[in-house]
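In the text below, chain A, chain B and the rest are named by the order of the sequence lines, each starting its count at 1. On a predicted model such as this, the values are computed, not experimentally measured, just so you know.
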2 protein chains.
Amino acid sequence: MTPETKERILDAAERLFSEAGLRTTSLRDITSEARVNLAAVNYHFGSKEALLTAVLERAFNPVNKKRITGLDELESQAGESGPPVEDILLAFVGPPFDAWGESGDRGLRFLKLLGQIHTEANEDVQAVLLGQFKPVLERYTKALVRALPALEPLEVSRRMLFAVGALAQTMLSANRFPQGLAINDLDQTRESLVRFLAVGFSAEPPNVRAAGGGGS
Amino acid sequence: MTPETKERILDAAERLFSEAGLRTTSLRDITSEARVNLAAVNYHFGSKEALLTAVLERAFNPVNKKRITGLDELESQAGESGPPVEDILLAFVGPPFDAWGESGDRGLRFLKLLGQIHTEANEDVQAVLLGQFKPVLERYTKALVRALPALEPLEVSRRMLFAVGALAQTMLSANRFPQGLAINDLDQTRESLVRFLAVGFSAEPPNVRAAGGGGS
DNA sequence: GTCTATATGCGGATAGAC
DNA sequence: GTCTATCCGCATATAGAC
């Protein structure tokens with residue numbers, strides 16, 4: 001009947017970490033919320049940090065997987081030239097937005113957790129997240145390089161950085177301003193973001209130093 | 001000869017906070033680095049958090065002041081229609097980049113401190129920062145609304161969020177990848193960012209729901 | 001695997017002498 | 001204003017019985 005102790009701990013930790021914060025939440029809080037023994041955490045996970053990374057992996061893997069499969073599909077459908085910029089960006093931005101919009105508390109928890117990591121996690125924890133995120137970033141950068149042959153790859157990487165930042169900021173604001181704010185029109189916000197990014201990516205490079213045509 | 005105790009504490013705290021992190025750095029670390037007595041912090045600042053906010057204000061006020069005066073100048077020079085989008089964005093983005101490029105450790109410390117706040121500060125501390133930043137944000141949003149009459153103010157606010165995110169991400173990455181990376185070409189990065197944002201801001205709104213003219 | 005009890009350490013803050 | 005000594009709380013982690 002009762003779920004495995006390990007699951008209970010993960011659930012409770014996810015809830016508390018996202019609500020009360022990472023540092024603020026003690027093992028005692030978690031084990032009492034999960035109604036398991038204090039020592040169970042160290043028995044099953046080894047340490048508080050190991051528990052945290054387990055929570056994070058469980059929470060963020062789905063999003064990153066969807067980003068990968070989404071891009072897979074786009075590329076299999078597209079012709080030789082690869083999918084267009086706007087589609088790529090939508091595939092990148094979509095999954096976190098979907099998670100955000102999920103039913104019940106799940107969506108909000110996802111956002112809050114993201115915010116907590118961003119604002120409280122130490123380097124090791126962030127490294128875990130980066131480990132998940134890096135392959136995604138690389139695949140998308142590659143796709144965008146192909147879609148934007150006029151840009152140097154370096155410039156594409158820079159713009160990808162801008163895009164990631166814009167997305168992150170949007171997510172974080174969502175969690176800070178609970179409701180009534182502009183950002184809470186999900187569809188509108190996602191549309192605006194994708195448009196903004198697509199146009200930015202398609203901009204001419206600042207100074208023409210690369211191949212081909214005329215200088216200024 | 002020796003600087004005032006209070007200054008010594010501020011300097012030491014700034015250094016340690018930016019290097020070792022906010023939570024990791026204890027009062028004992030700070031006072032020993034500053035070679036003052038442990039009790040001096042509480043005597044001069046009242047608490048560790050109060051010390052932290054003092055450090056932050058000292059570090060970030062200059063940047064925000066420059067942003068305001070920069071916009072003042074632009075507006076006094078411009079005509080009735082106000083300054084153009086690209087100039088506004090440059091005035092917004094420039095000061096943190098300048099701080100970044102400052103001689104010696106100062107620039108790097110600024111970045112690292114920014115990163116630490118972003119990743120470690122609690123809500124109260126972030127509120128302090130927001131208090132400084134909010135007026136800046138509002139002034140710039142207003143200027144952009146004027147420069148972009150085709151957009152609803154709400155859409156401008158959204159895009160401003162994207163811009164802030166892109167800038168923040170750039171700053172944070174700078175601090176994570178010490179050197180050898182794309183982002184370290186300061187001028188190039190700033191130029192790319194401004195271009196990216198300017199084009200994004202000037203994009204047509206996703207769907208035309210506002211006043212006046214033609215349909216789709 | 002689950003529990004109780006406890007070791008161990010750190011860190012912020014303060015009392016009170018000088 | 002500056003110092004020493006200390007209080008106090010809390011958190012992680014573990015030892016060892018069941």
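The CZ atom of B:Phe45 sits 11 Å away from the P atom of D:dT2 (whole-angstrom rounding). At whole-Å resolution of the value, CG in B:Asn37 and P in D:dT2 are 9 Å apart. Rounded to an integer number of Å, the gap from A:Tyr43 OH to C:dT2 P is 7 Å. Remark: C1' of D:dG1 and CD1 of B:Ile9 are 11 Å apart, rounded to the nearest angstrom.
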Can you give me every donor-acceptor pair (side chain of residues 135-145 of chain A, partner residue at least two apart or in another chain, under 3.5 Å) with its distance?
| residue | atom | partner | partner atom | Å |
| --- | --- | --- | --- | --- |
| A:Arg139 | NH1 | A:Asp72 | OD1 | 2.6 |
| A:Arg139 | NH2 | A:Asp72 | OD1 | 3.4 |
| A:Arg139 | NH2 | A:Glu75 | OE1 | 2.6 |
| A:Tyr140 | OH | A:Arg67 | O | 2.7 |
| A:Tyr140 | OH | A:Ala91 | O | 3.3 |
| A:Thr141 | OG1 | A:Leu137 | O | 2.7 |

Sequence neighbours excluded and cut-off under 3.5 Å, please list the side-chain donor-acceptor pairs for residues 52-59 of chain B, or say none.
| residue | atom | partner | partner atom | Å |
| --- | --- | --- | --- | --- |
| B:Thr53 | OG1 | B:Ala50 | O | 3.0 |
| B:Arg58 | NH1 | B:Asp11 | OD1 | 3.1 |
| B:Arg58 | NH2 | B:Asp11 | OD1 | 3.0 |
| B:Arg58 | NH2 | B:Glu14 | OE1 | 3.2 |

Distances under 3.5 Å between nitrogen or oxygen atoms of protein and nucleotides 11-18 of chain C:
| residue | atom | partner | partner atom | Å |
| --- | --- | --- | --- | --- |
| C:dG12 | OP1 | B:Lys48 | NZ | 2.9 |
| C:dG12 | OP2 | B:Leu27 | N | 2.8 |
| C:dG12 | N7 | B:Arg28 | NH1 | 2.9 |
| C:dG12 | O6 | B:Arg28 | NH2 | 2.8 |
| C:dA13 | OP2 | B:Lys48 | N | 3.1 |

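In this structure, A:Glu155 pairs ionically with A:Arg159, as a charged nitrogen and a carboxylate oxygen lie closer than 4.0 Å.
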- Give the C-alpha distance, both sets of side-chain angles, the deciding distance and a yes or no for side chain to side chain donor-acceptor pair (under 3.5 Å) between B:Asn122 and A:Glu120. CA-CA 7 Å; B:Asn122 66 36; A:Glu120 292 191 48; over 6 Å; no

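B:Leu193 places a side-chain heavy atom less than 4.5 Å from the side chain of B:Phe97.
Proximity of the aromatic rings of B:Phe201 and B:Phe162 is defined here by a centroid distance below 6.0 angstrom, and this criterion is not met.
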